[in-house]
Amino acid sequence: MKQENIRNVAIIAHVDHGKTTLVDRLLYAANVFRSNQQVEDRVLDSNDQERERGITILSKNISIQYKDVKINVIDTPGHADFGGEVERVLNMADGALLIVDAFEGPMPQTRFVLSHALDQGLRIVLVINKIDRPGSRPEEVLDEVFDLMVELGASDEQLDFPVVYASAVNGFARYEYDDDNMDMVPLLDTILKEIPAPEVDPDGPVALQICTVDHSSFVGRIGVGRLHSGTMHKNEQVLVIKNSGTRYNTVIKQVFTFEALGKAEVQEVSAGDIIAVVGVDDADIGDMVTSRENPVRLDPIAVEEPTMAVVFEASSSPLVGREGEIVGSRQLNERLMREAESNISMRIEPLEEGSGISVAGRGVLHLSVLMETMRREGFEFQVGRPQVIIKTDEQGRKLEPIEEATVDVPSEYAGKVIEVFGNAGGEMTDMFTREDQTHLVFKIPSRGTMGLKTRLLNATHGEANMFHHFSEYGAYRGEFAGRKNGSMIAMSTGKSVAYALDTLQQRGRMFVGPGEDCYEGMIVGESAKEGDMVVNVEKAKQLGNQRSSGADKAIQLTPPVTFTLEEALEYIQDDELVEVTPKSIRLRKRLLSAIDRKKANKQ
């Protein structure tokens, strides 16, 4: 039977096309907030990193009541590196709102999330957003989305999709882009009319597949998923079937449903709703919580393989423990193993001989978000250069991950973009010009994307917009030239001195300012020439008892280069490490002693 009083809808889109803002407007339209309540923009981006970066990282569940129907809304990330979040939460939905920018049209990530939604057989409602934007072209964008769905193999039923035109920032949705409606009612009505009600058996055996794992310091792990059949009661005795096939009995201690922005505890809930349960102590994504008498197994949740790995190690820096509270390898291991349980899109494995822990993810951003989370928790650690995961085919040939990159740039810089991609092993597959902007599409090895954004912005004076996502495994493209410039490496441990930096800045770019703690083997700058250079950043001016005309010359230092985590990971070479602490990001050589480095080079 159909649960007509429930709709489960996911919101999918390319990054920055307005998903989270649209959810804000739906919450306002459903009167979730009091009239005098102070509410921040993008209320669902509650994580500190999400607010700072302006992107959604974790999927969120909310619900709104409209015309006696409960609409469960799942806000998903738009960035390709967090595609694992999108893939698993689509299992909870019956339909999806596909948000597309009225000016930009379908972008690379639109293709990625839409292909997964179509594979799941979800009903698509197209929302063409930002119709108030200068240069918007809603009719052309509608044609582009239709062509994309045909290309992705959508069924005839899926191709007959409804369209709503919206401006989330201004809080209105319309059936026609040029009518004068100024509220969100058309979108809410379209959700009720077009998104199918869940088809369930409320009297069948309990069947809940866990799609997300939440954590509470009071009750431990909370399993979140859609109840596919049966009725779940508080204190119900259930069977848990793990992904590995192991089974055990347990009791559901609490049952929650999603109400507005939070959870509400209930005594029982019927099939079709999205619920959270407490009582499955080792809840993992894909686990089944089901009836003991008539157990139900659903297909396991499959997520695409990671493409890039980095090795985490306990910090061996001379400054270890000064800024972070948690520095031991055992605590680092425990924290990463905890992450492995809840993050299905990462693969985390200890290396042999205790030499570190390999963490594989979708890209540098995916990996750096975990590092940033850990440093905010008080961890100190060091990581090596990210390495792509190489595979071999049946003939024994090496395969590497290939990404599809799209660049939008003013037409005058198109030649420079093609040159930058050519040097990084990219091949152009498409190019067209719209007004004064050129749209370029490349196939490029994942290795080639390391540091590519910085080179691209330098070549185009900051005018380029680039997105890339994993496409397929292809033939290995050979070795690339690494960074040409050598490093300036500190020769001793102590604080940097302005007098020394004034001399050194004439020979390259500095990464440290005066008065900063440095140590032997730390990278303090980039030389203007090839080859590493050992320097003394503690050299002070020798004071005599005579005065000279240049004695009181003011030292003018150029501000040092500061790295974000992603930039540092992309900058370092194979013999270098990034030291991450709650307050600092430092670059260092793997071997701190200059004598050890010389010995290693001879071997």
Salt bridge (Lys or Arg N to Asp or Glu O under 4.0 Å) between R335 and E377, worked out: CA-CA 10 Å; R335 172 64 180 84; E377 292 170 4; 2.7 Å; yes

Chi angles and distances behind the side chain to side chain contact (heavy atoms under 4.5 Å, CB included) call for I585, R375: CA-CA 10 Å; I585 295 169; R375 74 186 280 227; 3.7 Å; yes

Verdict with supporting geometry, R137 and E144, salt bridge (Lys or Arg N to Asp or Glu O under 4.0 Å): CA-CA 11 Å; R137 42 189 195 93; E144 289 172 12; 2.8 Å; yes

Verdict with supporting geometry, R455 and T460, side chain to side chain donor-acceptor pair (under 3.5 Å): CA-CA 9 Å; R455 296 199 295 276; T460 62; over 6 Å; no

L569 vs V383, side chain to side chain contact (heavy atoms under 4.5 Å, CB included): CA-CA, chis, key distance, verdict: CA-CA 8 Å; L569 289 168; V383 291; 3.7 Å; yes

Pair E400-R477, salt bridge (Lys or Arg N to Asp or Glu O under 4.0 Å): steps then yes or no: CA-CA 8 Å; E400 67 173 330; R477 303 271 177 99; 5.2 Å; no

Chi angles and distances behind the side chain to side chain contact (heavy atoms under 4.5 Å, CB included) call for Q505, Q556: CA-CA 10 Å; Q505 70 181 6; Q556 290 189 322; 5.6 Å; no

Full working for side chain to side chain contact (heavy atoms under 4.5 Å, CB included) between E339 and L370: CA-CA 9 Å; E339 185 71 22; L370 172 61; 3.6 Å; yes

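Every pair passing ring-ring contact (aromatic ring centres under 6.0 Å, His included) that includes a residue from residues 556-599 is listed here, sequence neighbours excluded: F511-F563, F511-Y571, F563-Y571. The list of ring-ring contact (aromatic ring centres under 6.0 Å, His included) pairs with a residue in residues 385-419, not counting sequence neighbours, reads Y413-H461. Every pair passing salt bridge (Lys or Arg N to Asp or Glu O under 4.0 Å) that includes a residue from residues 503-522 is listed here, sequence neighbours excluded: R322-D517, K495-D517, R509-E526.
With rounding to the nearest 0.5 angstrom, the CG atom of L336 is 4.5 Å from the CD1 atom of I357. S167 contributes atom OG, which lies 11.5 Å from atom CZ of R133 (distance to the nearest 0.5 angstrom). With rounding to the nearest 0.5 Å, the separation of OG1 in T558 from CE in M510 is 10.0 Å.
Here N601 pairs with nothing under the side chain to side chain contact (heavy atoms under 4.5 Å, CB included) rule; sequence neighbours left out. Annotation: side chain to side chain contact (heavy atoms under 4.5 Å, CB included) contacts of V169 (sequence neighbours excluded): T21. In this view, E538 satisfies the salt bridge (charged side-chain N to carboxylate O under 4.0 Å, His left out) rule with no residue, not counting sequence neighbours. Residues forming a side chain to side chain contact (heavy atoms under 4.5 Å, CB included) with T564 (at least two apart in sequence, or on another chain): E566, E567. M466 pairs by the side chain to side chain contact (heavy atoms under 4.5 Å, CB included) definition with V407, F421, L452, K453, L456, H468, not counting sequence neighbours. Listed by chain and residue number, R385 satisfy the salt bridge (charged side-chain N to carboxylate O under 4.0 Å, His left out) test with D574 (two or more places apart in sequence, or in another chain). Residues forming a salt bridge (charged side-chain N to carboxylate O under 4.0 Å, His left out) with D575 (at least two apart in sequence, or on another chain): K589. With sequence neighbours left out, the salt bridge (charged side-chain N to carboxylate O under 4.0 Å, His left out) criterion links E579 to R586.
A donor and an acceptor atom, one from each side chain of D408 and N465, are nowhere located under 3.5 Å apart. Neither side chain, T449 nor E403, offers a donor N or O lying under 3.5 Å from an acceptor on the other. Between the side chains of Q387 and R447, not a single donor N or O lies within less than 3.5 Å of an accepting N or O.
Nearest heavy-atom pair across A405 and I444 is CB-CG2, 4.1 Å. Contact record, V388 with S446: CG1-CB, 3.7 Å, taken as the closest heavy-atom pair. Nearest approach of M308 to L367, heavy atoms of both residues: O-CD1, 4.1 Å. Nearest approach of L332 to F381, heavy atoms of both residues: CD1-CB, 4.1 Å. What you find for S496 and G513 is that their closest heavy atoms are OG-O, 2.6 Å. Residues Y499 and A540 come closest through the heavy atom pair CD2-C, 3.7 Å.
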Could you tabulate the donor-acceptor pairs under 3.5 Å formed by side-chain atoms of residues 424-432, not counting sequence neighbours?
unit_1: T429; atom_1: OG1; unit_2: V441; atom_2: O; d: 3.3

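Although no hydrogens or angles enter the test, the distance criterion places no donor-acceptor pair under 3.5 Å between the side chain of S136 and the main chain of D132. Looking only at distances, no side-chain donor or acceptor of T433 sits under 3.5 Å from a matching main-chain atom of T438. For the pair D532 (side chain) and S487 (backbone), a donor-acceptor distance under 3.5 Å is present. In this structure a side-chain-to-backbone donor-acceptor pair under 3.5 Å is present from R597 to L591. A donor-acceptor pair is defined here as one N or O able to donate and one able to accept, closer than 3.5 Å; such a pair exists between the side chain of D393 and the backbone of R397. Side chain of N129 to backbone of A168: a donor-acceptor contact under 3.5 angstrom is found.
Under the side-chain hydrogen bond (donor to acceptor under 3.5 Å, both in side chains) rule, R588 has a single partner from S315, S317, S316, which is S316.
Shown here is E394, whose CD atom has no more than 12 heavy atoms of other residues, nucleotides or ligands within 6.0 Å.
In this structure, E472 pairs ionically with K443, as a charged nitrogen and a carboxylate oxygen lie closer than 4.0 Å.
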